[in-house]
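Chain letters run A, B, ... following the sequence lines, proteins first, then strands; residues in each count from 1. Any value given below was found using the heavy atoms of this structure, including those in side chains, with hydrogens, waters and symmetry copies removed.
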There are 2 protein chains.
Amino acid sequence: MTGQVRTVDGRVAGRRGQATRQKLLDCLSEMLSSSPYRDVKVIDVARRAGTSPATFYQYFPDVEGAVLEIAERMAAESAGLAGLLEGRSWAGRAGWQTAQELVDGFLEFWRKNDAILRVVDLGAAEGDKRFSKLRTKILNSVNSSLAGSVAELQSKGRIDKDVNPAAIAGALVAMLAAVASHQKAASSWGVKQAELKPSLALLVHLGVTGRKPTK
Amino acid sequence: MTGQVRTVDGRVAGRRGQATRQKLLDCLSEMLSSSPYRDVKVIDVARRAGTSPATFYQYFPDVEGAVLEIAERMAAESAGLAGLLEGRSWAGRAGWQTAQELVDGFLEFWRKNDAILRVVDLGAAEGDKRFSKLRTKILNSVNSSLAGSVAELQSKGRIDKDVNPAAIAGALVAMLAAVASHQKAASSWGVKQAELKPSLALLVHLGVTGRKPTK
DNA sequence: ACTTGTCCTGTCATGCCGTCAGCTTACCGA
DNA sequence: TCGGTAAGCTGACGGCATGACAGGACAAGT
């Protein structure tokens, strides 16, 4: 489907090569978690992987290229986020439950991949189309599902006809992403993790249904 | 008050020195707008300012240091954001107006300073305390004001007692910031600017008052 | 053992980093 | 007018990262 994995100079990578490549990606991931993106150097990644910079450049055009690779893999995993909303109801207590689980799942996913998501966010904000696309892809499963729910409730008159469901959904998802990527900061600023989640769930519920949840 | 401006090696900067310093800051700002943060090099900034790298290092320890300087200046300006909420009412039509103007002002501020805010966001997300503090400072004027409104309405029973006003406010502000920094991305993903603003205002109004706005 | 193709690294030219000594310029008091 | 002093700037340097290449090491098949 995706074709074989290839080196920069066109050769197809064999077993050993793929293992090395993967090791480089893993080490890059670790580096991204432990040091500022700006300071991640090819030579450090290579050293950590027990190989040389030249090897790195055989598999990736540059650091950004490797980051994209990691991000794409993660984007594939992100499809699982859609499961947080599939077949869920937004009515009554079930609605509150849905909102809570969405927030939980979302924050968890973000926490698990925070290092790489930071870089994707930055790239997207800087206007790089490849990162924007990736970010859209990651958020899209949740986003479109939420938009669908909003549209449905809109047709029942709960929400004004002139709001764009996709816009509401986009704003809510952006909120979740933003809060998730500043979780640590939030705590240092007077709000605890445990207090954050219910607030987010409340806002999601309000945004989707236009009503306060019944708990 | 803050003491004189000093060079890295301890000299006090005179008129000329301060001008050079400022020029370097201006050029750095431009570079941040036009190229990825990761690729901003001291030598490019210096060249653009018509000076040499050595001069840059006379005034700033490194690129990060200069960025902090720019960000601090902007943080001071951000105090003006508080004006968007001072003395405003959240009741009835005035409430809708308040929400709209908050969204407008916020997005405008962010658009004006997007390059530097991106870097601050990244630094904060990476856990750098200096950037976190700065980000908190920028958001705090709006944040605390919103939290106050929530708390007030909470005492009137509109909102559940067990939600933390600061958490709601923080989430809303984070939403605004996130959407603002991905404004371009949003349009490429099927939602137009003009449709985004009312949605954000709606969510802000819902979050603060717990009710749909009367338009 | 020989061939073939994959995989890795030594090495090199280039360019940026960050620092220093030392030069030039501006200001000031005598 | 003339040093003296401090501010302001830069050339130059060792060090390191980048990115390219050629060639050696290695595994697998014949």
Checklist entry - Just checking Phe60(A): base, sugar-phosphate only, or nothing, at a heavy-atom cut-off of under 4.0 Å? => result nothing
Next on the checklist: With a cut-off of less than 4.0 Å, is there a side-chain N or O of Arg15(B) near OP1 or OP2 of dA7(D)?
Outcome noted: no
Checklist outcome for this item: dist Leu200(B):CG -> Phe106(B):CZ (nearest 0.5 Å) comes out at 10.5 Å
Checklist entry - Does Val150(A) reach the side chain of Trp90(A), with side-chain heavy atoms less than 4.5 Å apart? => result no
Checklist entry - Where along residues 27-36 of chain B does a heavy atom come under 4.0 Å from DNA chain C, residue by residue in number order? => result none
Checklist outcome for this item: From the list Arg47(B), Lys41(B), Arg48(B), salt bridge (charged side-chain N to carboxylate O under 4.0 Å, His left out) with Asp44(B) holds only for Arg47(B)
Next on the checklist: How close do Val173(B) and Leu139(B) get, counting heavy atoms only, and between which atoms?
Outcome noted: CG1-CD2, 3.7 Å
Next on the checklist: Would you call the rings of Phe56(A) and Phe60(A) parallel, tilted or perpendicular, taking 30° and 60° as the class edges?
Outcome noted: tilted
Next on the checklist: Could you check whether any side-chain heavy atom of Leu117(B) comes within less than 4.5 Å of a side-chain heavy atom of Asp114(B), counting everything from C-beta outward?
Outcome noted: no
Checklist entry - In this structure, which one of Val63(A), Val67(A), Val45(A) forms a side chain to side chain contact (heavy atoms under 4.5 Å, CB included) with Leu32(A)? => result Val67(A)
Item to check | Sub-4.5 Å side-chain heavy-atom contact between Ser29(A) and Ile116(A) | outcome: no
Item to check | NZ/NE/NH1/NH2 to OD/OE distance under 4.0 Å, Glu64(A) and Arg38(B) | outcome: no
Checklist entry - Below 4.5 Å, heavy atoms only, C-beta onward: do Arg6(B) and Val12(B) meet side chain to side chain? => result yes
Checklist entry - Over how many whole Å does the gap from Glu64(A) atom CD to dG19(D) atom C1' extend? => result 16 Å
Checklist outcome for this item: Going 5' to 3' through nucleotides 9-24 of chain C and flagging B where a protein heavy-atom sits under 4.0 Å of the base, S where only the sugar-phosphate is that close, and - otherwise, we get BB-----SSBBB----
Checklist entry - Can we say Arg73(B) and Glu77(B) salt-bridge, meaning some charged N sits less than 4.0 Å from an Asp/Glu carboxylate O? => result no
Checklist entry - What nucleic acid atoms does Arg6(B) come within less than 4.0 Å of, heavy atoms only: base, sugar-phosphate, or nothing? => result nothing
Checklist outcome for this item: Sorted by number, residues from residues 17-25 of chain B placing a heavy atom under 4.0 Å from DNA chain D are Gly17(B), Thr20(B)
Next on the checklist: In this structure, how many angstroms lie between the C1' atom of dC9(D) and the CG atom of Asp9(B), rounded?
Outcome noted: 12 Å
